[in-house]
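These numbers come from a predicted model, not from an experiment.
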Amino acid sequence: MANKEALRELQQRLAERLQTVREHAPARNWLAVEVAGHGFLLPLEQAGEIFPLSATQSVPHSQPWFLGVANLRGQLNGVVDLAVFLGLAQRPARNLAETVGRDSGRLVAFNASLQTNAALLVDRLLGLRNASMLKPVVGDAQIAKPHFIGQHMTDEQGRPWYELDLAALAADEVFLKIDV
């Protein structure tokens with residue numbers, strides 16, 4: 001009889017703990033960036049350090065979206081123009097600082113946990129966003145998009161946002177192929 005009560009109490013405690021975990025599950029958080037006028041959300045756990053636009057050393061015979069390599073805190077990183085990679089813009093690499101804007105363009109490195117020495121060129125940083133600030137767009141499933149583009153959401157002002165899965169991007173075979 002005591003064993004049954006102890007078992008019931010254990011089950012009750014476990015149910016309460018599970019409910020608490022569900023209620024206090026960590027909310028999704030993103031770094032909001034603008035790329036060629038489009039809003040993208042980079043998961044904070046996948047994004048790394050943010051750097052000012054810096055000089056890159058070009059790499060011959062590389063893709064138009066691959067700007068070259070940059071020394072970011074003593075580590076060489078491949079620099080990808082995200083707007084060009086996604087087909088949202090075309091920019092001449094030689095006038096990169098002028099085209100993007102020296103004061104606004106930023107490099108967002110991949111988190112070290114992704115084991116990818118790369119940084120994405122974005123036009124502007126727009127702050128942090130969390131799940132409570134956004135709502136999913138219903139009926140977006142039939143729109144063709146790359147596998148690394150996740151949920152389509154809107155904010156309170158109606159601005160569209162697209163989640164960019166950096167882990168999936170880092171594993172994408174087109175992203176990995178920098179040579180022409």
Notebook entry, point to check: Shortest non-hydrogen contact from R129 to A32?
Noted result: CG-CB, 3.7 Å
Next item on the list: Enter the distance from L164:CG to Q46:CD here, rounded to the nearest 0.5 Å.
Entry: 8.5 Å
Check: Can W30 and N130 be said to form a side-chain hydrogen bond (donor to acceptor under 3.5 Å, both in side chains), step by step?
Finding: CA-CA 6 Å; W30 299 276; N130 64 46; over 6 Å; no
Notebook entry, point to check: Out of curiosity, does L134 fall in the hydrophobic cluster containing L31 (side-chain heavy atoms, cut-off under 4.5 Å, transitive links)?
Noted result: no
Next item on the list: Decide yes or no for N111 and L44: does some side-chain heavy atom of the first lie under 4.5 Å from some side-chain heavy atom of the second?
Entry: no
Next item on the list: Decide yes or no for I149 and F40: does some side-chain heavy atom of the first lie under 4.5 Å from some side-chain heavy atom of the second?
Entry: yes
Check: Would you say the side chain of R159 lies within less than 4.5 Å of the side chain of E34, judging by non-hydrogen atoms?
Finding: yes
Check: Checking K135 side chain against E156 main chain: does a donor-acceptor pair fall under 3.5 Å?
Finding: no
Notebook entry, point to check: Is the closest side-chain heavy-atom distance between V79 and W65 below 4.5 Å?
Noted result: no
Notebook entry, point to check: Would you say the side chain of L125 lies within less than 4.5 Å of the side chain of I50, judging by non-hydrogen atoms?
Noted result: yes
Note to self: Per the salt bridge (Lys or Arg N to Asp or Glu O under 4.0 Å) rule, what does the pair list look like for residues 164-179, sequence neighbours excluded?
What the structure shows: K177-D179
Notebook entry, point to check: Are any of the side-chain heavy atoms of N29 and L128 separated by less than 4.5 Å?
Noted result: no
Check: Out of curiosity, L67 CG to Q57 CD, how far, rounded to the nearest 0.5 Å?
Finding: 12.5 Å
Item checked: All side-chain contact (heavy atoms from CB on, under 4.5 Å) counterparts of A118, not counting sequence neighbours -> F110, T116, F175
Check: At what distance, to the nearest 0.5 angstrom, does CG of D123 lie from NE2 of H38?
Finding: 10.0 Å
Note to self: Within the structure provided, determine whether V80 and L121 are in side-chain contact (heavy-atom separation under 4.5 Å).
What the structure shows: no
Item checked: Carboxylate-amine/guanidinium contact R28 E163, below 4.0 Å -> yes
Checklist line | Connected via hydrophobic side-chain network under 4.5 Å: L41 and L82 | finding: no
Checklist line | Shortest non-hydrogen contact between L88 and A36, atoms and distance | finding: CB-CB, 3.8 Å
Notebook entry, point to check: Does the side chain of L126 come within less than 4.5 Å of W161's, by heavy atoms?
Noted result: yes
Check: Are L114 and L176 connected, step by step, through hydrophobic side chains (Ile, Leu, Val, Met, Phe, Trp, Tyr) whose heavy atoms are closer than 4.5 Å?
Finding: no
Next item on the list: Check P136 against Q151 and note the closest heavy-atom contact, atom names and distance.
Entry: CB-NE2, 3.5 Å
N/O donor to acceptor pairs below 3.5 angstrom from side-chain atoms of residues 68-76, sequence neighbours left out:
from	atom 1	to	atom 2	distance (Å)
N71	OD1	G74	N	2.8
N71	OD1	Q75	N	3.4
R73	NE	E49	OE1	3.1
R73	NE	E49	OE2	2.7
R73	NH2	E49	OE2	2.7
Q75	NE2	N117	OD1	2.7

Check: Where do A47 and V108 come nearest, in terms of heavy atoms and distance?
Finding: CB-CG1, 4.2 Å
Check: Where do D155 and M133 land on the side-chain contact (heavy atoms from CB on, under 4.5 Å) test, with the steps shown first?
Finding: CA-CA 6 Å; D155 61 18; M133 303 166 82; 5.8 Å; no
Margin query: Could you measure the distance from the NE2 atom of H147 to the CG atom of L169? Nearest 0.5 Å is fine.
Written below: 8.0 Å
Next item on the list: Could you state whether M153 and V33 fall into the same hydrophobic cluster, counting links through intermediate Ile, Leu, Val, Met, Phe, Trp or Tyr residues with side-chain heavy atoms under 4.5 angstrom apart?
Entry: no
